[in-house]
Amino acid sequence: MLQVAFIRENRETVLKGLAKRNFKNAVEMVDKTILADEERRAIQTELDAILAESNKLSKDIGDLFKSGETQKVAILKEKTVLLKDKSKELTENLQQKANELQELLYLIPNIPNEIVPEGISAEDNLNVFQEGEIPKLHEGAMPHWELAKKYDIIDFELGNKISGAGFPVYKGKGAKLQRALINYFLDKNTAAGYDEVQVPHLVNEASGFGTGQLPDKEGQMYHDATDNLYLIPTAEVPVTNIYRDVILKETEFPICKTAYTPCFRREAGSYGAHVRGLNRLHQFDKVEIVRIEHPSNSYAALNLMVNHVKGILQELKLPYRILRLCGGDMGFTSALTYDFEVFSTAQDRWLEISSVSNFETFQANRLKLRFKNSEGKSELAHTLNGSSLALPRVLAGLLENCQTPEGIKIPDALIPYCGFEYIN
RNA sequence: GGAGAAAUGGCAGAGUGGUCGAAUGCGGCAGUCUUGAAAACUGUUGAGGGUCACACCUCCGGGGGUUCGAAUCCCUCUUUCUCCGCCA
């Protein structure tokens, strides 16, 4: 959520940013917001004046009681009754106007950073880096879902039986490889200075709003109506919400956290060949990194995160590329996003395996995540997060790129974690 | 699941209808002293709205109510603690 004061004072910048996102009705939305804010403040001022008067009268009444002038009290009481009616009415108006403003603010996405490329779809993303050799596969090479079946390491049909499509069962070496990847990623992240945390997999409404999943992506989350809890779509939600309503000291920066969690996504509206196998699941595993930074350092931190993820992919020897997302393809809350994609040799397409973003103050504003600056004033912090990494597509890339006639050759870095060199 | 108690500033903890945004202690920050540090002493120290800046307004777990006036009384929800039961 953008700060109203920022919108008010930087209308043109905001409109320019929204245009880059191809955001519809930007002028109308922004002007409505500015108007609602003005109205809200006007009502607030009026209400404050009435409350001030009412407070003063109450004090006077107290004094009169003390000095025994009780006959005067009745007159003052009458006055306060009138003020009370008025203040009640204004309070209701204020509440209504504040809600209206809040709802408008919820609908306005973050302003993209200067270097975000223009564009409307994934086609327009900017390829900023590519590395790793795309292997020439042997005769009879298969896509990962066939490999999974051949070696009996992932059972999609069994998942269908237990839950439904998108809930695979990992078996034998497949299950062990999952566990190996999780441990490997966590070890890499903690070695890079990220503190490991274990967090709840169900979160309340306030947390959903804090990181921006609500109200924007309500339909993408599984929701338990009985207790009004949401299954997390990413560890970003519980981990970032650790810092909801927190005021940090400047010396506490940077805050670096990593967490493994399963992620649950309804993926409503997804269909077709691209959701085959591990490409798109309702439940998947992911190791996340989250940083909370001083505003002056957040872009340097974003680069650190990008380089960190690069390091892991290099070690796994997977062919990958990095895209700077264009305005039209960026997430609602992000100011700058880099997507990592691994090449799926057998499918002949790139698969997104990580998304690293700087949200600047967008999340912090909702979270009320602030720090005391050098002048002793509260200022919003910057939040960032990234996948490091999402398992299924790493696994897909790994199975496909590392297949040999002898079986799947496990990358050296993972062998100590899974305890075998081949899946065959 | 049953019974009882509680929720106040970064922490501890006082405050049972008006002068309480709130004593006191600890912690934090600034200063004095010191070569420096510690100790001691002095000052300062919650958040949000509003304003050019003040004024002013709101907030004592959340929501509602009583009252001219609520941290304080009432209702309700949530959470925590203690005891009992059940279970990993």
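Lettering of chains follows the sequences in order, A, B, ..., and the numbering in each one begins at 1.
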Whole Å only: how far is the CD atom of Q95(A) from the P atom of U58(B)? 15 Å

Distance between the P atoms of G15(B) and C54(B), in whole angstroms? 36 Å

Heavy atoms from C-beta onward define the side chain here; which of G48(B), G50(B), G69(B) lies closest to that of K84(A)? G69(B)

Between D60(A) and K56(A), does any NZ, NE, NH1 or NH2 come within less than 4.0 Å of an OD or OE carboxylate oxygen? yes

Under 3.5 Å side-chain donor-acceptor pair for Q363(A) and T333(A): no

Starting at atom NZ of K377(A), determine the distance to atom P of G46(B), rounded to an integer number of angstrom. 15 Å

Taking any heavy-atom pair under 4.0 Å as a contact, classify L51(A): base, sugar-phosphate, or nothing. sugar-phosphate

Please give the distance between the P atoms of G10(B) and G48(B) as a whole number of Å. 11 Å

For R244(A) and G48(B), what is the distance between atoms CZ and C1' respectively, to the nearest whole Å? 17 Å

Ionic contact status for K149(A) with D155(A), cut-off 4.0 Å: no

On RNA chain B, nearest-nucleotide positions of I247(A) versus T80(A): which is more 5'? I247(A)

Answer yes or no: is there a donor N or O on one side and an acceptor on the other, between the side chain of N365(A) and the main chain of L2(A), under 3.5 Å? yes

Residue-phosphate contact under 4.0 Å: S54(A) side-chain N/O, G69(B) OP1/OP2: no

Taking atom P in both A71(B) and A22(B), what distance in whole Å separates the two? 12 Å

Can you sort out which residues in residues 30-41 of chain A have a heavy atom within less than 4.0 Å of RNA chain B? Ascending by number, please. R40(A), R41(A)

Nucleotide nearest A52(A) (side chain, heavy atoms from C-beta), chosen from C56(B), U58(B), C68(B): C56(B)

Set of side-chain contact (heavy atoms from CB on, under 4.5 Å) partners for E421(A), sequence neighbours left out: I415(A)

When the nearest nucleotide of RNA chain B is assigned to K249(A) and to K59(A) on a heavy-atom basis, which residue is associated with the more 5' position? K59(A)

Watson-Crick/G-U partner (both atom distances under 3.5 Å) of U78(B): A7(B)

Just the rounded figure in Å: distance from C1' of U67(B) to CG of L76(A). 15 Å

Quick check for you: among C68(B), G48(B), U58(B), whose closest atom lies nearest to any side-chain atom of S58(A)? C68(B)

So, Q403(A) side chain and M142(A) main chain: donor-acceptor pair closer than 3.5 Å or not? yes

P gap between A39(B) and C52(B), integer Å: 45 Å

If you measure from the P atom in G62(B) to the same atom in U79(B), how many Å do you get, rounded? 15 Å

Going by purine N1 to pyrimidine N3 plus the second Watson-Crick contact, or the G-U wobble pair, all under 3.5 Å, which nucleotide sits opposite G43(B)? C29(B)

Any side-chain donor paired with an acceptor under 3.5 Å for E360(A) and Y299(A)? yes

With both distances under 3.5 angstrom, what nucleotide forms a Watson-Crick or G-U wobble pair with G85(B)? none

Taking the same atom, C1', in C60(B) and in G13(B), what whole-Å distance lies between them? 13 Å

Is the backbone N or O of R265(A) less than 3.5 Å from a side-chain atom of H282(A), with the two atoms forming a donor-acceptor pair by type? yes

CD of Q3(A) versus P of G49(B): gap in Å, rounded? 9 Å

Side-chain N or O of N55(A) closer than 4.0 Å to phosphate OP1/OP2 of U58(B): yes

Check whether the side chain of D48(A) and the base of G49(B) form a donor-acceptor pair under 3.5 Å. yes

For F156(A), all residues meeting ring-ring contact (aromatic ring centres under 6.0 Å, His included), sequence neighbours excluded: none

Suppose we define a pair by two distances each less than 3.5 Å, Watson-Crick or G-U wobble; what does G69(B) pair with here? none

Write down the distance between CD (E252(A)) and C1' (G28(B)), rounded to a whole number of angstrom. 12 Å

Checking N1-N3 plus N6-O4 or O6-N4 for Watson-Crick, or N1-O2 and O6-N3 for wobble, each under 3.5 Å, the partner of A12(B) is U24(B)

Considering only the C1' atoms, how many Å lie between G9(B) and U24(B), rounded to the nearest integer? 13 Å

Can you confirm whether V290(A) sits close enough to C256(A) that some side-chain heavy atom of one is under 4.5 Å from a side-chain heavy atom of the other? no

For C56(B), the Watson-Crick or wobble partner whose two distances fall under 3.5 Å: G49(B)

Any strand: nucleotide that pairs with U34(B) via Watson-Crick or wobble, under 3.5 Å: none

Without decimals, in angstroms, what is the distance between K77(A) NZ and U67(B) P? 10 Å

Would you mind reading off the distance between R370(A) atom CZ and G10(B) atom C1', rounded to a whole angstrom? 14 Å

Given G49(B), G48(B), G69(B), identify the nucleotide with an atom nearest to the side chain of S378(A). G48(B)

In whole angstrom, give me the gap between the P atoms of C75(B) and U82(B). 26 Å

